[in-house]
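These values consider heavy atoms only, across backbone and side chains, with no hydrogens, waters or symmetry-generated copies. Throughout, numbering of the chain's residues begins at 1 and tracks the sequence.
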Amino acid sequence: MQDWTLTWDRGRAVVTPAGAMLHHLTFDLGSGRSVAPFAEAAWHDEPEIQGDETLAQHLRLLGGEWACVPFGTTQIDPGHHGYGSNAEWELVEDGEGMLHLACTFPAGHPVERLERRIRGVPGEAAVEFSLRVVTRIDCALPIGLHPIFKLPEMAGTLHLEPAVFEQGQVFPEPFQPGVSRLRTGALFSRLDAVDTLDGDPVSLAALPAPGLFEELVQLWKLEGSIALRDETAGTCVRFEWDRAAFPHCLLWISQAGRTAKPWNGRFRGLGIEPVASAFDRTDLLEGSFSREGVSQTFRAGEPWETRYRISAEVLASA
């Protein structure tokens, strides 16, 4: 199936049928300036990777943004990040500056159908999204969003500015054994002072962070937004969501630390993943800071919907 194109007066992007993933988003900032905020894996056009069905489809197309229902690894869905992350979606409507997509889940799955609407905002360097979930049974599922943002080449030039959060926590097990440097399960109240295995604190507030390669941390009870301020590019990208739908947020920092196929030490990106989940595995609840907001409740046949937004602007000082 061919990709679908999203265009409006201040931007453009493509959406793949697999996972309904939004890729190659570019915002027009005016005066001849633009910004492409998402990371995109180098292997999208490599036949060896694209033809390897042992790799999950969302890994073969890694980058951009997509929705995960359920999120992470769960007992109810054999696919990491859920069936919809790897299945082929259908186009419901191709409107002016808008795409409406849907995915029907297999019989027996708690989820019956997902729908995504992606809309370029006229006159703005912004995209608005809606996600609708319909389940077959009453259930509580971990859910999340999965945009992956581009990391600049120069260390410390991308500044993360999260809204207020109650507590930060490092992944409660070794995330990538022998590679990850943050102290397992460490709690922190500020992004600029996170404990490492050797005892010296490191800052996650300015990326890329020297000496960090693969890390995962969760910001518990985050108030629904993170800004990415790139002083070198002179741009600010803002991600906003409904904290009632996604009370927490994962930060996945990947700086060429994964060497297995298809990664081969060549992927760099920052996942900013609003979640109702305890990290990305349901079996990690015991070691998590909180048991609140680690799933979303659904009622059989009753549509549940949430909205979120990604936008960009030129910094006032640029």
Side-chain angles (χ1 to χ4, degrees), residues 4 6 15-22 56-58 61 64-95 98-119 127-148 218 221-222 224-225 239-250 271-282 285 291-310:
W4 302 297
L6 176 72
V15 177
T16 61
M21 301 172 77
L22 181 74
Q57 184 69 281
H58 76 269
L61 297 176
E65 180 276 339
W66 74 102
C68 305
V69 181
F71 182 85
T73 299
T74 67
Q75 294 181 336
I76 64 169
D77 195 315
H80 188 65
H81 291 324
Y83 174 82
S85 292
N86 302 294
E88 298 288 314
W89 290 53
E90 62 177 317
L91 180 64
V92 177
E93 181 184 359
D94 185 351
M98 185 276 291
L99 294 171
H100 178 190
L101 310 137
C103 179
T104 300
F105 280 48
H109 196 290
V111 177
E112 179 178 355
R113 183 177 174 88
L114 299 182
E115 295 185 32
R116 266 164 67 80
R117 286 180 172 85
I118 308 171
R119 171 181 172 265
V127 179
E128 294 179 342
F129 304 79
S130 71
L131 171 65
R132 174 175 286 199
V133 181
V134 179
T135 62
R136 294 184 170 98
I137 61 173
D138 292 352
C139 54
L141 302 174
I143 63 171
L145 307 173
H146 207 310
I148 308 176
Q218 182 149 328
K221 300 182 181 179
L222 175 67
S225 72
F239 183 21
E240 301 166 282
W241 62 91
D242 179 3
R243 62 175 297 191
F246 305 104
H248 320 300
C249 185
L250 285 174
I272 298 180
E273 306 167 29
V275 293
S277 177
F279 294 92
D280 64 348
R281 282 174 24 204
T282 54
L285 185 58
R291 291 175 177 266
E292 297 179 9
V294 296
S295 63
Q296 189 59 252
T297 300
F298 302 96
R299 301 301 178 199
E302 295 183 8
W304 176 94
E305 189 166 336
T306 189
R307 299 177 184 275
Y308 54 104
R309 172 186 169 101
I310 296 173

Quiz item: Can you tell me how far CZ of Arg132 sits from OG1 of Thr306, rounded to the nearest 0.5 angstrom?
Solution: 12.0 Å
Quiz item: Taking all atoms of both residues into account, what is the closest heavy-atom pair of Gly84 and Cys103, and its distance?
Solution: CA-SG, 4.2 Å
Practice problem: For Asp242 and Arg307, indicate whether the former's side chain and the latter's backbone hold a donor-acceptor pair under 3.5 Å. | Solution: no
Practice problem: State which residues pass ring-ring contact (aromatic ring centres under 6.0 Å, His included) with Trp66; sequence neighbours excluded, sorted by chain then number. | Solution: His58, His146
Quiz item: Should Leu101 and Trp4 count as side-chain neighbours, where that means a heavy-atom distance under 4.5 Å?
Solution: yes
Exercise. Determine, stepwise, if the pair Thr135 / Glu112 fulfils side-chain contact (heavy atoms from CB on, under 4.5 Å).
Key: CA-CA 5 Å; Thr135 62; Glu112 179 178 355; 5.9 Å; no
Exercise. Can you spot which of Glu305, Glu115, Arg116 makes a side chain to side chain contact (heavy atoms under 4.5 Å, CB included) with Leu131?
Key: Arg116
Quiz item: Going by heavy atoms in the side chains, are Gln218 and Val275 under 4.5 Å from each other?
Solution: yes
Quiz item: Does atom CD of Glu292 have more than 12 heavy-atom neighbours, drawn from other residues, nucleotides or ligands, at distances under 6.0 Å?
Solution: no
Quiz item: What's the shortest heavy-atom distance between Arg113 and Ala102, and which atoms?
Solution: NH2-CB, 3.2 Å
Practice problem: Taking the side chain as every heavy atom from C-beta outward, state whether Glu65 and Tyr308 have any pair of such atoms under 4.5 Å apart. | Solution: yes
Quiz prompt | Spacing of Ser85 atom OG and Leu61 atom CG [to the nearest 0.5 Å] | solution = 11.5 Å
Exercise. Compare every heavy atom of Thr74 with every heavy atom of Phe71, then report the nearest pair and how far apart it is.
Key: O-CG2, 3.7 Å
Quiz prompt | Distance-minimising heavy-atom pair for Ala276 and Ala245 | solution = CB-O, 3.7 Å
Quiz item: Roughly how far, to the nearest 0.5 Å, is the CE atom of Met98 from the CG atom of Leu6?
Solution: 9.5 Å
Quiz item: If every non-hydrogen atom of Leu91 is compared with every non-hydrogen atom of Glu93, which pair is closest and at what distance?
Solution: CD1-O, 3.4 Å
Quiz item: Can you tell if the side chain of Ile143 reaches within under 4.5 Å of the side chain of Phe298, non-hydrogen atoms only?
Solution: yes
Self-check item: With sequence neighbours excluded, residues passing ring-ring contact (aromatic ring centres under 6.0 Å, His included) with Phe246
Solution: none
Quiz prompt | Minimum side-chain heavy-atom gap Trp89-Val15 below 4.5 Å | solution = no
Quiz item: Where the side chain of Gln57 meets the backbone of Ala87, is there a donor-acceptor pair that is under 3.5 Å apart?
Solution: no
Quiz item: Would you call Leu222 and Trp241 a side-chain contact if the rule is heavy atoms closer than 4.5 Å?
Solution: yes
Quiz item: Atom OG in Ser277, atom CD in Gln296: separation rounded to 0.5 Å?
Solution: 12.0 Å
Practice problem: Go through the steps to decide whether His80 and Asp280 satisfy the test side-chain contact (heavy atoms from CB on, under 4.5 Å), and finish with yes or no. | Solution: CA-CA 9 Å; His80 188 65; Asp280 64 348; 3.8 Å; yes
Quiz prompt | Side-chain donor/acceptor of His248 to backbone N/O of Lys221, under 3.5 Å | solution = yes
Self-check item: His81 side chain vs Gly72 backbone, donor-acceptor pair below 3.5 Å
Solution: yes
Quiz item: Below 4.5 Å, heavy atoms only, C-beta onward: do Leu114 and Tyr83 meet side chain to side chain?
Solution: no
Practice problem: Give a yes or no answer on whether the side chain of Arg136 reaches the backbone of His109 with a donor-acceptor pair at less than 3.5 Å. | Solution: yes
Quiz item: Tell me, do Ile76 and Leu141 make a side-chain contact under 4.5 Å, heavy atoms counted?
Solution: yes
Quiz prompt | Spacing of Ile310 atom CD1 and Glu240 atom CD [to the nearest 0.5 Å] | solution = 10.0 Å
Self-check item: side-chain contact (heavy atoms from CB on, under 4.5 Å) between Thr282 and Thr73, worked out
Solution: CA-CA 7 Å; Thr282 54; Thr73 299; over 6 Å; no
Quiz prompt | Minimum heavy-atom distance between Glu88 and Pro17, given as atom pair plus value | solution = OE1-CB, 3.3 Å
Practice problem: Rounded to the nearest 0.5 Å, what's the gap from NE2 on His100 to OG on Ser130? Could you check? | Solution: 7.0 Å
